[in-house]
Amino acid sequence: MRGALALFLTLYLLHALTAEANNALSGAHVWLFAGGLYVAYSALMLPFRQGLAATILGGLLCDSLAPVAFGTHAALFATAHLVVYSVRERLQRDETAVRVAVALLVNLAFYLALSFARLRLVPATATALPRMLSDLAWSQAALALIAPWFFALQVRTLELARAQPARIA
């Protein structure tokens, strides 16, 4: 479980950095979402239990400040972890580009699921859609830029914790 705790520390850092970025971008009316990064590396590289534990802890961390029912992020993250883990043997998971692509796809799915779950509470749905699409585009662009750095951080953190990720045979 050392690997799960080490990975959770990187997710905590991601959570803090995302919160700071959203605070800085609030004047421009931009909100970034990086949920795909909470799942991608752990589902692609870690053993199942360690990866799932880190993913669920990251989901609970996101739930702590989100305006959704507590456990929503954790459930979505765990489901995505199961899906990505089940197809990881068919992917070139040691390639950074593949990891980034998985993170982008998972981020898109999370963003759409959470947005449409909250959309029913908005009185004028048509006015919210352009803002949602704009935030999605900015989130995907930011995630594509920071994902390689974040994956390298996770690899290095696991090495420092002496909890090596599962090697590809």
message = Strictly distance-based, threshold 3.5 Å: is any side-chain N or O of Tyr85 a donor or acceptor partner for the main-chain N or O of Pro47?
response = no
inquiry  = What's the separation between atom CG in Leu44 and atom CD in Glu89, rounded to the nearest 0.5 Å?
reply    = 10.0 Å
query = Got Leu57 and Tyr12 here, is their nearest side-chain heavy-atom distance under 4.5 Å?
reply = no
ask   = Are any of the side-chain heavy atoms of Met45 and Arg99 separated by less than 4.5 Å?
value = yes
inquiry  = I'd like to know if Leu14 and Phe8 are part of one continuous hydrophobic network [Ile/Leu/Val/Met/Phe/Trp/Tyr, side-chain heavy atoms within less than 4.5 Å].
reply    = no
query = Is the backbone N or O of Arg93 less than 3.5 Å from a side-chain atom of Arg88, with the two atoms forming a donor-acceptor pair by type?
reply = no
query = Just wondering, do Asp94 and Gln92 contact through their side chains at under 4.5 Å, heavy atoms?
reply = yes
Under 3.5 Å: donor-acceptor pair, side chain of Gln50, backbone of Arg2 = no
query = Is there a side-chain contact between Phe77 and Cys62 (heavy atoms, below 4.5 Å)?
reply = yes
query = Would a distance-only check, ignoring hydrogens and angles, find a side-chain to backbone donor-acceptor pair under 3.5 Å from Asn22 to Trp31?
reply = no
Where Leu143 and Ala34 come nearest, the two heavy atoms and their spacing = CD1-CA, 4.0 Å
ask   = Tyr38 and His73: aromatic ring centres closer than 6.0 Å?
value = no
ask   = Side-chain heavy atoms under 4.5 angstrom apart, residues restricted to Ile, Leu, Val, Met, Phe, Trp, Tyr: same cluster for Leu9 and Leu52?
value = no
query = If two hydrophobic side chains count as joined below 4.5 Å and joins carry through other members, does Tyr41 share a cluster with Leu145?
reply = no
Val155-Leu17 co-clustered via ILVMFWY side chain contacts under 4.5 Å = yes
message = Quick check on the hydrophobic clustering: are Leu91 and Phe151 connected, directly or via other members, by side-chain heavy-atom contacts under 4.5 Å?
response = yes
ask   = Once the angle between the rings of Phe110 and Phe33 is folded into 0 to 90°, is it parallel (under 30°), tilted (30 to 60°) or perpendicular (over 60°)?
value = perpendicular
query = Can you check side chain to side chain donor-acceptor pair (under 3.5 Å) on Thr55 and Ser42, steps first, answer last?
reply = CA-CA 7 Å; Thr55 298; Ser42 61; 2.8 Å; yes
request  = Please report the closest heavy-atom contact between Leu7 and Gln154, naming both atoms and the distance.
outcome  = CD1-NE2, 3.5 Å
query = Which atom names give the shortest non-hydrogen contact between Ala40 and Val102, and what distance separates them?
reply = CB-CG1, 4.3 Å
request  = May I ask you to decide if Asp135's main-chain N or O and Ser139's side chain share a donor-acceptor pair within less than 3.5 Å?
outcome  = yes
ask   = In Å, rounded to the nearest 0.5 Å, how long is the span from CG of Leu65 to OG1 of Thr18?
value = 11.5 Å
Side-chain donor or acceptor of Asn107 paired with backbone N/O of Gly35 under 3.5 Å = yes
message = Is any side-chain heavy atom of Leu158 closer than 4.5 Å to one of Leu46?
response = yes
inquiry  = If you count heavy atoms of other groups shown closer than 6.0 angstrom to CZ of Arg131, is the number above 12?
reply    = yes
key: Residue pair Ala54 / Leu11: nearest heavy atoms and the distance that separates them   = O-CD1, 3.4 Å
message = Measuring only between side-chain heavy atoms, which start at C-beta, is Leu153 closer than 4.5 Å to Leu13?
response = yes
message = Set out, in order, the CA-CA distance, both residues' side-chain angles and the distance that settles side chain to side chain contact (heavy atoms under 4.5 Å, CB included) for Leu105 and Val84, then state yes or no.
response = CA-CA 10 Å; Leu105 288 173; Val84 173; over 6 Å; no
Closest contact, heavy atoms only, Leu61 versus His15 = CD2-CB, 3.5 Å
request  = Compare every heavy atom of Met132 with every heavy atom of Tyr111, then report the nearest pair and how far apart it is.
outcome  = OH-O, 2.9 Å
